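Because the structure is a prediction, the values reported are computed rather than measured.
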Amino acid sequence: MGIEIVGQIERVNGKELSYGDFAEKYLAKNQPLVISNLTEDWRAREDWVSENGLPNLHFFATHFGKSRVQVADCDTREYTDQKRLEMSVTEFVEQWTNNDSIEESVLYLKDWHFVKEYPDYTAYQTPQLFSDDWLNIYLDNYQMHEDRDSFQKYDQISCSDYRFVYMGGKGSWTPLHADVFRSYSWSANVCGKKRWLFLPPPQSHLVYDRQLYMKNCVYDIFEEVNETKFPGFKKTTWLECIQEPGEIIFVPSGWHHQVYNLEDTISINHNWLNAYNLSWVWDLLWKDYKDTEESIEDIRDICDDFEAICQRNLAANTGMNLNDFYIFMSRFSLGNMVVLQSYSDKHKALNSCSSAMAQNLLLNLSTIRKIMMTMISAGGVTSEEVYMDLRKTLEDPQFLRLVRDMGRTYAMIHMEEEDQVLSSEELLQKLSGFADPKMQICSPKDLVEMINHHNTFFSHLLA
């Protein structure tokens, strides 16, 4: 079955693109983009690439060969994805280099948490354009789901971040999908060339199975698609791009895509979220929650705690549950307040809240407030145990590390000097005027009220 390609993805020179323009034209408008000239100084483009431009597989086997990785068998479908195998990097390299038989499967190493596994090896620096990354900043300091007693045992690496290395030979590919959490993603070709096919979000319903309540997506857009299950597929129109070595592609939220390696390829991929796509994340999480609730509705009357089972299953299937999301937003909101307080305290003589950095922090808080209002309307958090004690949090070294990471990140994005975070005592004094008298955030409503008080205080400085 053929597909209709109606356009190409826009391309820009990354050295001529400011963060403000990128945020306004592509993050806020949720538009894909191919970006050049941002990877030339990466160590990965030296160490990981042979002189002939092909992957330096010997380097990987020598330096990282013992790592255990997930490898997709691109020729074998398993449910809605490709069959996954586990092997060492050395074993993967051996199979790749010995794959002379046409009967051998095409293998594709995916989702390797390289940064977490090798923190002292700086393969690359995240470009400024993609650094407002709430997801990975948070996961560098906290686990997304902290109650692991009820779950299968995950190793720390596999749940720790959304920064990945992918490696695959010519002909390896990834089936049609939209990214985890409906996050943004960026993908940089260290070497090799990829072909991307993109479906705009308004057409996403056309690639879901009408017979299964829109739960299963088309697997391969180039195979014969069942018109009974996917009657709208023939109406889809696609954008295409060929990604060259060294180029980075920005994948916006909710854009389904299918990707082919046209050559032996290594890529670095991040998933991330921030104020510009937080509504996409919430919408998916709430949809998945309602689907989870519906899937076990028949046991509601015999469960001691039906809601706890829903939240447990949601975390297992989606990667976080409603309570995890609420705690994430609470900590991140407080972190924004701390960074803004520290920034404004240093720049007292200036109209500091009119700066790009301050505006970014206030946008973050306003966006979280909006999502929390939606969460309140939906009745999203019911557990009485989900709360944050502000006194303990502001004295917690783990939280203060998060704040330092946030401050460093926003200073870099907006080309400001990094500010020293105020002491816990100073922060308690300054933030006590915005918080509940008990100095606790016990619900989305408490968080909304604290953000309201905080942003009202700062709004007069913007007049």
**Student:** When you measure from the centre of the six-membered ring of Y142, is the NZ or CZ of R331 closer than 6.0 Å and no more than 45° off the axis?
**Tutor:** yes
**Student:** Compute the ring centroids of F64 and Y118, then answer whether they are less than 6.0 Å apart.
**Tutor:** yes
**Student:** Within the supplied structure, the quantity of interest is the number of heavy atoms (other residues, nucleotides, ligands) at a distance under 6.0 Å from Q125 CD; does it exceed 12?
**Tutor:** no
**Student:** Do H256 and H177 have ring centres separated by under 6.0 Å?
**Tutor:** no
**Student:** Determine, using ring centers only, whether Y162 and W272 are less than 6.0 Å apart.
**Tutor:** no
**Student:** Quick check on the 6.0 Å ring-centre criterion: do F92 and F60 meet it?
**Tutor:** no
**Student:** In this structure, which one of W173, F230, Y79 forms a ring pair (Phe, Tyr, Trp, His ring centres under 6.0 Å) with Y219?
**Tutor:** W173
**Student:** My understanding is that only residues two or more places apart in sequence, or in another chain, count here; which of them pass side-chain hydrogen bond (donor to acceptor under 3.5 Å, both in side chains) with Y410?
**Tutor:** D132, W134, N364
**Student:** Identify the two heavy atoms, one from F164 and one from H270, that lie closest to each other, and give their separation to 0.1 Å.
**Tutor:** N-CD2, 4.5 Å
**Student:** Using the salt bridge (charged side-chain N to carboxylate O under 4.0 Å, His left out) criterion, which residues pair with K290? Sequence neighbours excluded.
**Tutor:** E293
**Student:** Counting only N and O atoms by type, is there a donor-acceptor contact under 3.5 Å from the side chain of N321 to the main-chain atoms of N323?
**Tutor:** yes
**Student:** Are F198 and W196 near enough that their ring centres are under 6.0 Å apart?
**Tutor:** yes
**Student:** Of all the heavy-atom pairs spanning V207 and L199, show the shortest one and how long it is.
**Tutor:** CG1-CD2, 3.7 Å
**Student:** Please walk me through it: do Q82 and T76 pass side chain to side chain donor-acceptor pair (under 3.5 Å)?
**Tutor:** CA-CA 6 Å; Q82 294 162 334; T76 305; over 6 Å; no
**Student:** What do you reckon, are the aromatic ring centroids of W96 and Y108 less than 6.0 Å apart?
**Tutor:** no
**Student:** Locate the shortest heavy-atom distance separating V218 from L176; write the atom from each residue and the value.
**Tutor:** O-CB, 3.4 Å
**Student:** Just say parallel, tilted or perpendicular for the rings of F325 and F328, cut-offs at 30° and 60°.
**Tutor:** perpendicular
**Student:** Please table the atom pairs, donor to acceptor, closer than 3.5 Å between any side-chain atom in residues 276-285 and protein atoms at least two apart or in another chain.
**Tutor:**
| unit_1 | atom_1 | unit_2 | atom_2 | d |
| --- | --- | --- | --- | --- |
| N277 | OD1 | N274 | N | 2.9 |
| N277 | ND2 | S253 | OG | 3.1 |

**Student:** Scan R408, R163, R404, R401 and name whichever one has a salt bridge (Lys or Arg N to Asp or Glu O under 4.0 Å) with D140.
**Tutor:** R163
**Student:** Taking the ring centre of each residue, are F250 and Y26 less than 6.0 Å apart?
**Tutor:** no
**Student:** Is a side-chain N or O of S377 found less than 3.5 angstrom from the main chain of M373, in a donor-acceptor match?
**Tutor:** yes
